[in-house]
Chemist: 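For reference, the structure I am asking about is given below.
Chain letters run A, B, ... following the sequence lines, proteins first and then strands; every chain starts at 1. None of the values given here were measured: they were computed from a predicted structure.
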Amino acid sequence: MLLDKFQRLEGGVFFPIDHPSPRNVARLDMRALPLIDRMHHNGIYLDVAKCRKLHDDLGVQQLVLGELIDTIAGRPLNPGSGDQVARVLYDDLGLHKLLKEKSGQEIGRTGSGARLSSDDEALSMLKGLRDGEGNTLDPLPGLILDWREVAKIRSTYTGPLPSKVNPHTNRIHTVFNPVRTATGRLASSNPNCQNIPIKSALGKAIRDSFTVQNQNHRLVSGDLSQIEMVGAAHASNDPKMRKVFLDGLDLHTFTAISMFRLNESEIEPDPEKYPGAVCPFPGGGWPISWKVFKHKYRLPAKTLGFGILYGVTPSGLQLQILNAGGPYWSEDDCALFIRGWYALYQGVYEWTCEQHGRARRYGKVWDLLGRWRLIPEVYSSIEGVVNAGLRQAGNMPIQSLAQGIIKLAMATMERVCQYYEAKGVTCWPLLQIHDELIFEVEDTIVEEFVATMKKVMRGVVDLSVPIGSSADVAMSWGELK
DNA sequence: AAAGACCGCGCG
DNA sequence: AAAGCGCGCGGTCTTT
């Protein structure tokens, strides 16, 4: 590892550059194009019957929920119309005032400030309202949430997807735009295959309908583990963060133990990672079970870790921790927590300050591969605009470096594809989802392909910390990971 | 009927 | 209030 010298990477790309270099970026981006072209050509198979069945089943649910909502509201109410929902819940029923009285929580306004918002955050708060006996005060917010979840899935996914299938290939051919984003990411459209649901049970059902087209094919996914954090550790050269990755530790666990000053020997090891861990305490009980540790300490630390990369604010962090199912923390707690994180990883703090300085001084920031982004916001006279620019400045070099790494992997995987092509073996790249690549390959080569891809992904560039990669194999997208 | 603003929400 | 970064898309509602 020679960090004082340039590495010459796949396709003649240089690393690290660390000054704006359109030529280096052009080399990088051009080398990823052949694989992107293959993805366009290959498409991904959709089990149309499965998708339509899901669509119809959810249609019944949506209808029932819609009628229930009309009945309870006492008049036709379109739950998809924010204006109508706000009129009924706030103007007619005054639920925002009740919420304020009962819990002090306030409903936010829409982006333009035109009215009180009726989004997930608002409805979830209203759903929690209880009467004197602990019963749900009003069923409407919960029902509207349920309707919206189903409506979203149907209108955005199960409805349109079958119509995107190309009748000649029976597959869905998304388009990747390699020059759309400010950070070097690809943008997928028509349809967007980078936002197919995964987090909910309904989401998994949709992914289940993306399958292999032949029984002797397999879907293979490979992803770069925590690549933005790894990139941050390298770019900032923060000693503690680097050591975590060099030692192969779990970053969020380390962060939690450090920040809450926990005694590591009192915490039960992750049963999934260390199934045979023997408890040394009398009675066999750990002072802090893994379950408690994970929820109370690791989850906030993990949430904050991601937030740091985005320039999170105390109120934003508070909301994120709650949304992730974590404990309630006051805004002051969150502010202290953020400061504590920067105190622990001081190198990251200094690195962030450097990006802010570059944005202010040059009106732009850049990543280690030479991609740059203009930040004209820093010259605004409006404080909120300047702060938004600084958050972009702190985030771009990290997101951009991560993209550079996967693009290098894509360039190398193109050669892998050519190798199997020459042998007449199926090896189709299908999708890139930011830190992940999905292929459809013949079952005869699955094992060697997985090994090759993992090796390629972790080996395309030599950072001062190891890059991790993982992979999985399945017959459908829903089963992957 | 078409275009566009706005809202809301799916993903990394 | 550009309120946490980066996207694309569908529905509603208004404007042309």
Chemist: Within the 4.0 Å heavy-atom criterion, would you say Asn387(A) contacts the bases, only the backbone, or no part of the nucleic acid?
Modeler: nothing
Chemist: What nucleotide, of dG8(C), dC5(C), dG6(C), holds the atom closest to the side chain of Arg185(A)?
Modeler: dG6(C)
Chemist: Is the Trp329(A)-Phe337(A) ring centre distance short of 6.0 angstrom?
Modeler: yes
Chemist: Near DNA chain B, under 4.0 Å by heavy atom, which residues of residues 194-205 of chain A?
Modeler: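 Result for residues 194-205 of chain A: Gln194(A), Asn195(A), Ile196(A), Pro197(A), Ile198(A), Lys199(A), sorted by number.
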Chemist: Touch check for Arg148(A), heavy atoms < 4.0 angstrom, all strands: base, sugar-phosphate only, or nothing?
Modeler: sugar-phosphate
Chemist: NA contact type, Ile433(A), heavy-atom cut-off 4.0 Å: base, sugar-phosphate, or nothing?
Modeler: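 Here Ile433(A) touches the backbone only, sparing every base.
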Chemist: For Asn192(A), give me all partners under side-chain contact (heavy atoms from CB on, under 4.5 Å), at least two apart in sequence or on another chain.
Modeler: Ser188(A), Gln194(A), Asn195(A)
Chemist: Going 5' to 3' on DNA chain B, which nucleotide is the first and which the last to come under 4.0 Å of a heavy atom in chain A?
Modeler: dC6(B) to dG12(B)
Chemist: How is Arg154(A) classified with respect to the nucleic acid when contacts are heavy atoms under 4.0 Å: base, sugar-phosphate, or nothing?
Modeler: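 No contact.
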Chemist: Quick one: do the Ser81(A) and Asp83(A) side chains pair a donor with an acceptor below 3.5 Å?
Modeler: no
Chemist: Using 30° and 60° as the class boundaries, would you call the ring planes of Trp477(A) and Phe210(A) parallel, tilted or perpendicular?
Modeler: perpendicular
Chemist: Could you check whether Gly82(A) gets within reach of a base, just the sugar-phosphate, or nothing at all, counting any heavy atom under 4.0 Å?
Modeler: nothing
Chemist: Fit a plane to each ring of Phe254(A) and Tyr345(A), take the angle between them on a 0 to 90° scale, and name the class: parallel (under 30°), tilted (30 to 60°) or perpendicular (over 60°).
Modeler: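 Taking Tyr345(A) first and then Phe254(A), their aromatic rings sit tilted (interplane angle of 30° to 60°).
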Chemist: So what does Glu377(A) hit on the nucleic acid, given a heavy-atom distance under 4.0 Å: a base, only sugar-phosphate, or nothing?
Modeler: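 Base: the residue Glu377(A), judged by heavy atoms under 4.0 Å, touches a nucleobase.
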